[in-house]
Amino acid sequence: MTDRELDEIMTVHWPHVLRSVMADGSDEWIKGFAKSIAKHGKRPGWRPSARQASIMCRLVAEVRQSTAAELEVLER
């Protein structure tokens with residue numbers, strides 16, 4: 001994960017991920033992971049491990065997919 005990708009995930013996508021996992025009753029491990037990443041992401045110079053980055057990307061993809069499924073065309 002490049003610095004730019006990490007910045008994008010932490011500033012654009014992670015707040016949505018955090019809200020989603022807290023709201024939908026996800027398991028406690030995922031909630032703890034999301035909160036932990038949000039906390040660590042505030043530290044300058046922090047980089048996720050390979051495993052953390054993999055899980056982060058998976059969560060972002062899941063939230064983006066569920067958000068896209070919820071979108072509805074209002075006018076045609």
Side-chain angles (χ1 to χ4, degrees):
M1 178 179 301
T2 66
D3 288 339
R4 184 169 185 242
E5 290 169 331
L6 180 59
D7 286 345
E8 180 181 341
I9 287 173
M10 295 308 296
T11 58
V12 177
H13 303 293
W14 206 251
H16 298 291
V17 169
L18 200 52
R19 280 193 297 273
S20 176
V21 300
M22 293 302 159
D24 75 358
S26 296
D27 68 36
E28 292 302 313
W29 188 88
I30 293 292
K31 289 180 182 179
F33 177 80
K35 286 192 263 184
S36 174
I37 294 299
K39 181 179 176 182
H40 288 301
K42 294 177 183 177
R43 293 190 331 213
W46 173 80
R47 302 275 310 153
S49 68
R51 183 169 184 226
Q52 287 172 325
S54 172
I55 296 169
M56 288 170 68
C57 290
R58 181 177 57 93
L59 289 173
V60 167
E62 287 175 6
V63 168
R64 290 177 79 185
Q65 182 179 7
S66 69
T67 302
E70 292 174 2
L71 294 178
E72 180 181 329
V73 176
L74 297 176
E75 194 172 306
R76 291 181 192 248

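Side chains included, hydrogens not; waters and symmetry mates left out as well; all remaining heavy atoms used. Start at 1 with the first residue, then count along the sequence.
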Run the side chain to side chain contact (heavy atoms under 4.5 Å, CB included) test against [X] and tell me which residues pass, sequence neighbours left out.
X: Ala61; answer: none
X: Arg58; answer: Ile30, Ile55, Glu62
X: Thr11; answer: none
X: Glu8; answer: Val12, His13

Closest approach of Ala53 and Pro48, non-hydrogen atoms and distance?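 That closest heavy-atom pairing would be N-CB, 4.0 Å.
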Nearest 0.5 Å, please: how far is [atom2] in [Y] from [atom1] in [X]?
X: Met1; Y: Asp7; atom1: CE; atom2: CG; answer: 10.5 Å
X: Phe33; Y: Leu59; atom1: CZ; atom2: CG; answer: 6.5 Å
X: His16; Y: Arg64; atom1: NE2; atom2: CZ; answer: 10.0 Å

Check the pair Leu18, Lys31 against side chain to side chain contact (heavy atoms under 4.5 Å, CB included), reporting the backbone distance first and the verdict last. CA-CA 8 Å; Leu18 200 52; Lys31 289 180 182 179; over 6 Å; no
Inter- and intrachain pairs under salt bridge (charged side-chain N to carboxylate O under 4.0 Å, His left out), touching residues 45-55, at least two apart: Asp3-Arg47
Scan residues 12-22 for pairs that pass salt bridge (charged side-chain N to carboxylate O under 4.0 Å, His left out), counting only residues two or more places apart or in two chains.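 Applying salt bridge (charged side-chain N to carboxylate O under 4.0 Å, His left out) to every pair that reaches into residues 12-22, excluding sequence neighbours, yields nothing.
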Under the side-chain hydrogen bond (donor to acceptor under 3.5 Å, both in side chains) test, residues paired with Ser36 that sit two or more places apart: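 Per chain and number, Ser36 pairs via side-chain hydrogen bond (donor to acceptor under 3.5 Å, both in side chains) with His40.
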Close side-chain approach of Cys57 and Glu5, heavy atoms under 4.5 Å: no
Answer yes or no: is there a side-chain heavy-atom contact under 4.5 Å between Lys35 and Val21?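 Not in contact.
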Within the side chain of Trp46, is there an N or O that forms a donor-acceptor pair under 3.5 Å with the backbone of Lys39? no
Once salt bridge (charged side-chain N to carboxylate O under 4.0 Å, His left out) is applied, do any residues pair with Arg43, and if so which ones, sequence neighbours excluded? none
